[in-house]
There are 2 protein chains.
Amino acid sequence: MLAREGAAGASVRAIAAEAGVSPGLVGHYFEGVDALVAATYAHVGAQVDAALDAALEGAGDDPRARLEAYLTASFAPSIARGELLATWVAFWSLTASRHDIARQHDEQYARFRSRLEALLGECGVAAGRRRAQAIALTALVDGLWLELCLSPAVLSPADVARIVREHAGLTIRG
Amino acid sequence: MLAREGAAGASVRAIAAEAGVSPGLVGHYFEGVDALVAATYAHVGAQVDAALDAALEGAGDDPRARLEAYLTASFAPSIARGELLATWVAFWSLTASRHDIARQHDEQYARFRSRLEALLGECGVAAGRRRAQAIALTALVDGLWLELCLSPAVLSPADVARIVREHAGLTIRG
DNA sequence: GCACTTGTTGTACGAACGTCCAACAAGACA
DNA sequence: TGTCTTGTTGGACGTTCGTACAACAAGTGC
């Protein structure tokens, strides 16, 4: 519902109707609609983490290949769906007023950046430079995510993966 | 109101109360709350454009300096305010269901990217490579914007400007 | 002074919201 | 079979939403 109707359309009634249950059932399983939204965020975040881990799992041993696999996994069809990106945007819009959502976001990003720093270390990047590079690559991936979601006509997933791979190379060499 | 309360809190009544006028006046000047939101987007977008143009104006003649000025202007105090970033996130969350907002976003980004391509051309980047590099730098700026807004504790505006400058250099040389 | 446009108010209305709760369905255990 | 827990329903309640509208203030041209 968040993806299809935006944050405004994700009401208890609409969610219950979509799920084929009564509105009251939402209140039975979640302590209010806020808790449902937070749980949804956690669920989607875990799905993304799992997909990125799986990409790393199947990337072999070459450090550079592992880094590229982790970065480009964010643009795999299962992750780069406009549906999922719209969901994240809806979450971002909630961080201003919902501190628990903001905290979940911080944790999600800290996890991604931390992994990235480790992968950069495997690629021989000096310890003192890993953090800044991880921040930059995370921002690049997020920005490309955004443009894929908001302006799909402008660039293709393949373009995006190529750009990320290229910049990862520049970053490591630079 | 979008920045402080999120999209959910920007109701006609709240906006009117904030402005010190009656709720009915909003309907008098705007054809419904949707038109007000679209007008706000246009207003904020124009402010950002003006600030970026001003940065370009005062950057002198050196192509590289002009590029860096344009890119880092997005992180100037007047633009990188958490308030403004939260407003943009609220707009992004509306693009899923509001086609006019989505169109306004496309135009805003096309403008930014087009300027960037011209500046990259001034820096000697080959015509065939400008578009991809402009997309990458736009994504980098957006991603860093996002992190500044959502996790201000993680990185400072100065860090962000340095990262962008560094990547612009890598991009041009690479 | 008087009609007339313009700006603004406050309220009324119907719809949708989140939450709550009495009631019903149905399997579990004695 | 009878009670008890669990799952689920559907509607009631009070609130807030966007919008519409009659009414009031205030300038403007004649």
Side-chain angles (χ1 to χ4, degrees), chain A residues 1-46 83-105 150, chain B residues 1-46 83-105 150:
Chain A
M1 293 304 294
L2 285 174
R4 205 170 53 208
E5 312 283 347
S11 68
V12 169
R13 282 170 177 78
I15 292 167
E18 180 74 17
V21 298
S22 69
L25 199 58
V26 174
H28 182 66
Y29 282 105
F30 298 93
E31 197 166 340
V33 69
D34 288 6
L36 173 55
V37 171
T40 305
Y41 194 0
H43 179 70
V44 172
E83 203 183 24
L84 194 73
L85 291 160
T87 304
W88 278 67
V89 170
F91 287 129
W92 289 336
S93 77
L94 296 175
T95 54
S97 52
R98 299 273 317 279
H99 292 168
D100 53 337
I101 295 279
R103 195 175 42 75
Q104 282 184 256
H105 160 83
L150 299 174
Chain B
M1 292 303 295
L2 287 173
R4 205 171 52 208
E5 310 284 345
S11 68
V12 170
R13 283 171 176 78
I15 292 167
E18 180 75 18
V21 298
S22 69
L25 200 57
V26 175
H28 183 65
Y29 281 105
F30 297 94
E31 198 166 340
V33 69
D34 288 7
L36 173 56
V37 171
T40 305
Y41 195 0
H43 179 72
V44 173
E83 203 182 26
L84 193 74
L85 291 161
T87 304
W88 278 67
V89 170
F91 287 130
W92 289 337
S93 78
L94 296 175
T95 55
S97 52
R98 300 273 318 278
H99 292 167
D100 54 336
I101 295 279
R103 194 176 43 74
Q104 282 184 256
H105 161 83
L150 298 174

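Quick note on labels: first sequence line is chain A, next is B, and so on, each numbered from 1. Treat the numbers as computed from the prediction; the structure is a model and nothing was measured. Atom set for the values below is all heavy atoms of this structure, side chains included, hydrogens, waters and symmetry mates excluded.
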*With a 4.0 Å cut-off on heavy atoms, is A:Val21 in touch with a base, just the backbone sugar-phosphate, or nothing at all?*
sugar-phosphate

*Where at least one partner belongs to residues 5-27 of chain A, residue pairs that pass side-chain hydrogen bond (donor to acceptor under 3.5 Å, both in side chains), sequence neighbours excluded*: A:Arg4-A:Glu18

*When A:Ile15 is tested against each of A:Leu36, A:Thr40, A:Leu2 for side chain to side chain contact (heavy atoms under 4.5 Å, CB included), which residue passes?*
A:Leu36

*B:Phe30 has an atom CZ; how far is it from atom C1' of D:dA20, in whole Å?*
18 Å

*Scan residues 85-96 of chain B for pairs that pass salt bridge (Lys or Arg N to Asp or Glu O under 4.0 Å), counting only residues two or more places apart or in two chains.*
none

*Pairs in or reaching into residues 16-43 of chain B: which pass ring-ring contact (aromatic ring centres under 6.0 Å, His included), with residues at least two apart or in two chains?*
B:Tyr41-B:Trp88, B:Tyr41-B:Phe91

Pairwise N/O distances under 3.5 Å, protein to nucleotides 13-19 of chain D:
residue, atom, partner, partner atom, Å
D:dC17, OP1, B:Ser11, OG, 3.0
D:dG18, OP2, B:Val12, N, 2.8
D:dG18, N7, B:Arg13, NH1, 2.7
D:dG18, O6, B:Arg13, NH2, 2.6
D:dT19, OP2, B:Val33, N, 2.9

*Mind checking what makes side-chain contact (heavy atoms from CB on, under 4.5 Å) contact with A:Val33, not counting sequence neighbours?*
A:Val12

*Which residues satisfy the side chain to side chain donor-acceptor pair (under 3.5 Å) test with B:Asp100, sequence neighbours excluded?*
B:Arg98

*Can you pull the salt bridge (Lys or Arg N to Asp or Glu O under 4.0 Å) pairs that have at least one residue in residues 19-28 of chain B, sequence neighbours excluded?*
none

_Listed once per pair and sorted, the salt bridge (Lys or Arg N to Asp or Glu O under 4.0 Å) pairs that draw on residues 20-29 of chain B, sequence neighbours left out_ = none

*What are the 5'-most and 3'-most nucleotides of DNA chain C lying under 4.0 Å from any heavy atom of chain B?*
C:dG7 to C:dA12

_Length of the line joining A:Tyr29:OH and D:dT6:P, which is rounded to integer Å_ = 11 Å

*Specify the separation, in whole Å, of atom CG of A:Leu25 and atom P of D:dT9.*
6 Å

